[in-house]
Each structure stands twice: as structure tokens, then as C-alpha cells.
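The structure under discussion appears below in the form of C-alpha cells.
Throughout, protein chains are lettered first and strands after them, A, B, ... in sequence-line order, and every chain is numbered starting at 1. In this text the structure is predicted, and so the values were computed from the model without any measurement.
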There are 2 protein chains.
Amino acid sequence: MRRDVFQAIADPTRRAIIALIALQAMTPNAIAEHFDTTRQAVSKHLQILTECDLLRPQQQGREIYYHLEVEKLKEVDQWLAQYRSIWETRFSQLDDVLSTLKQNTK
Amino acid sequence: MRRDVFQAIADPTRRAIIALIALQAMTPNAIAEHFDTTRQAVSKHLQILTECDLLRPQQQGREIYYHLEVEKLKEVDQWLAQYRSIWETRFSQLDDVLSTLKQNTK
DNA sequence: AATTTGTGCAACCAAATAGTTGCGCGTATA
DNA sequence: TATACGCGCAACTATTTGGTTGCACAAATT
């Protein structure tokens, strides 16, 4: 089963969970209260997020607090980096060239 | 049908297509040659990427060149930004701890 | 004009996904 | 000790996904 960060953040509910937990580690029940869905549905998302190391479970008595592993998001950042350089530089230089080319071929 | 950037970049094949097109606009056939899959499969990915404005098709005779709209990736960048600040601040605090740990284990 | 080439699109299929319900196992509380 | 609570796990379902095959259409080539 494919289980990487990109897959994990593809789901809007999971991004919402990440946003919640970023502020404060929470238990499955506490998280579920923020959405109109069942605890089990949330639990599945937590499982997926945990499997790709975006979340870290911390047992505390009978409760399990899920912490966000922000570091893991660096993987997405690194992937973006290669394109960030493009959108930062390309802009001014190529824009004119492209538009003139477009006009000539018409 | 959900069609956003996060969903689009979730698939590894699509990320590979993005990487290809970032270098140079390409036609579906040309792209398909880079993977061991059919043109139609690639075509579907191109459609998804186009639907969420990550790609821009440019008809040229009977060929269609797909260009990368790098700007669209800024959406991911903006989403990341809120967490980047977290891992950057957390870092500086931990940096001292980590460096001293490193020295001790050496 | 006939053929080849580059496409998109629709129909179909297997696998993955998001969600539900029901259960069992520990941990707290009475 | 008995009961309530928080949780993970398994089974089941509906939907989405990635892929294939076959077709039609327009542009190039002969």
C-alpha cells in the first residue's frame, strides 16, 4: 500500500486534522468533535497520518495523544524547492520571449 | 469531482510528469515514452493536471504541447508556509541541544 | 484522395479509498 | 469488583482512482 506524505495531505479532512494538531496534541475523540464524522473515521485518518510519520501517538493512560511531526512536511518543501526556483526566476525574463514567439507563429 | 492541486500531486506518476514538463513543454506521446505505460493513461493524468490548472495545453497543428503552470504550485507553498514557521522556530531552539548531543556521541 | 499520425473521449475493470457498524481490550471510576 | 470510557481493529459498502481497450476526428503525409 502506497503511504507517503503527498498521499496523506491529499485529503482535505487530513489537512484539517493536521491544522488542528499543529496547535495542540489531541486525542481521537477530541479531534472527531471538530468534524461531523464518527470517531472511527477520524481514527482511520490518524492511522494513515501516523503510518507516514506525520503524526506520533503518545499513550497517556487510556487516552492517546497525537502529536504533529512538522519535520516530515519538509519532504514536501524539498519537492517544492526545485519549482520554487523556477517561478522566482522565470517570470521577468521569459515572459517577453514567450509572448513574442506566440505572436510570430500566429 | 474533487480536483485540487493536493490531489493532483498525490500521484507519483503525475509528479514525474510535472518534473518532465518543467524542463520543456511536451506532447502526450512524448511524455508517454518516458514511462512504461500507455499514451491513454498519460492522457488521463494530463487531463487531471490540466483541470486543476497545473498544466496548460497549447495546440500546435495536430500536436498538443502541455506547459507547466509553475505558479499553481504556489498554493502548496502557501499551505506549507504556516507549518514552515513552526519547524523553523522549533529548530533554533533544538539546534543547541542537537549539536551538543552530536558532540557527545562522537 | 487515401493513408498515416497524434489526439481526446467513452466504456469497462481491478484496486484503493473513505466511510460505517460492531466488537474486544485495556484503563479509569464508582 | 462492576461499570463506564477511550481506543484500535476487522468486516462490510459505496465511491473514486488508475489503468486498459477501442473508437472517432482532425491534421499531416503519400
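- Using a 4.0 Å heavy-atom cutoff across all strands shown, B:Ile48 reaches sugar-phosphate atoms only and no base atom.
- In this structure, A:Asp4 atom CG and C:dT17 atom P are separated by 10 Å, rounded to whole Å.
- For the pair A:Ile9 CD1 and C:dA18 P, the computed distance is 13 Å after rounding to whole Å.
- In this structure, the OH atom of A:Tyr65 is 13 Å from the P atom of D:dG8, given to the nearest Å.
- Considering all non-hydrogen atoms of both residues, B:Glu75 and B:Phe6 come closest at O-CZ, 4.4 Å.
- Side-chain N/O atoms of A:His45 include none lying less than 4.0 angstrom from OP1 or OP2 on C:dT17.
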Taking distance alone, no hydrogens or angles, what donor-acceptor pairs closer than 3.5 Å link side-chain atoms of residues 20-47 of chain B to residues at least two apart or in another chain?
residue : atom : partner : partner atom : Å
B:Thr27 : OG1  : B:Ala30 : N            : 3.3
B:Thr38 : OG1  : B:Ala41 : N            : 3.3
B:His45 : ND1  : B:Arg14 : NH1          : 3.0
B:Gln47 : NE2  : B:Glu51 : OE2          : 3.4

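- Put simply, the side chain of B:Tyr66 does not reach to within 4.5 Å of the side chain of B:Leu49, judged on heavy atoms.
- Look at B:Thr27 and you'll find a side-chain N or O under 4.0 angstrom from OP1 or OP2 of C:dT7.
- We find that CD of B:Glu51 is positioned 12 Å from P of D:dG18, with the value rounded to whole Å.
- Between the P atom of C:dA18 and the CZ atom of A:Arg3 lies a distance of 8 Å, rounded to the nearest Å.
- The shortest side-chain heavy-atom distance between B:Asp53 and B:Glu69 does not fall under the 4.5 Å cut-off.
- Distance, B:Asp11 CG to D:dT17 C1': 9 Å, rounded to whole Å.
- Rounded to the nearest 0.5 Å, atoms CD (A:Glu71) and CG (A:Leu73) are 9.5 Å apart.
- Using a 4.0 Å cut-off, some side-chain N or O of B:Tyr66 falls inside it from OP1 or OP2 of C:dG8.
- The distance from the CD atom of A:Gln60 to the CD atom of A:Gln58 is 5.0 Å, given to the nearest 0.5 Å.
- Atom NZ of B:Lys44 and atom P of C:dA10 are 11 Å apart (whole Å).
- Judged by closest nucleotide on DNA chain C, B:Pro57 is the one of A:Arg14 and B:Pro57 placed further toward the 5' end.
- One hydrophobic cluster holds both A:Val5 and A:Leu80 under the rule that ILVMFWY side chains link at heavy-atom gaps under 4.5 Å.
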Scan nucleotides 27-30 of chain D against the protein and return all N/O pairs shorter than 3.5 Å with their distances rounded to 0.1 Å.
residue : atom : partner : partner atom : Å
D:dA27  : O3'  : B:Arg62 : N            : 3.3
D:dA27  : N3   : B:Arg62 : NH1          : 3.3

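- Put simply, A:Val70 and B:Trp79 are part of the same group of oily side chains (I, L, V, M, F, W, Y) that touch within less than 4.5 Å, one to the next.
- Under the 4.5 Å side-chain heavy-atom criterion for Ile, Leu, Val, Met, Phe, Trp and Tyr, A:Leu55 and A:Ile48 are members of distinct hydrophobic clusters.
- Taking every heavy atom of residues 29-43 of chain A and every atom of DNA chain C, pairs under 4.0 Å involve A:Thr37, A:Thr38, A:Gln40, A:Ala41, by number.
- Put simply, CD on B:Gln47 is 20 Å from P on C:dG6, counting in whole angstrom units.
- For the OP1/OP2 pair of D:dT17 and a distance below 4.0 Å, the side-chain nitrogens and oxygens of B:Gln7 include at least one atom meeting the criterion.
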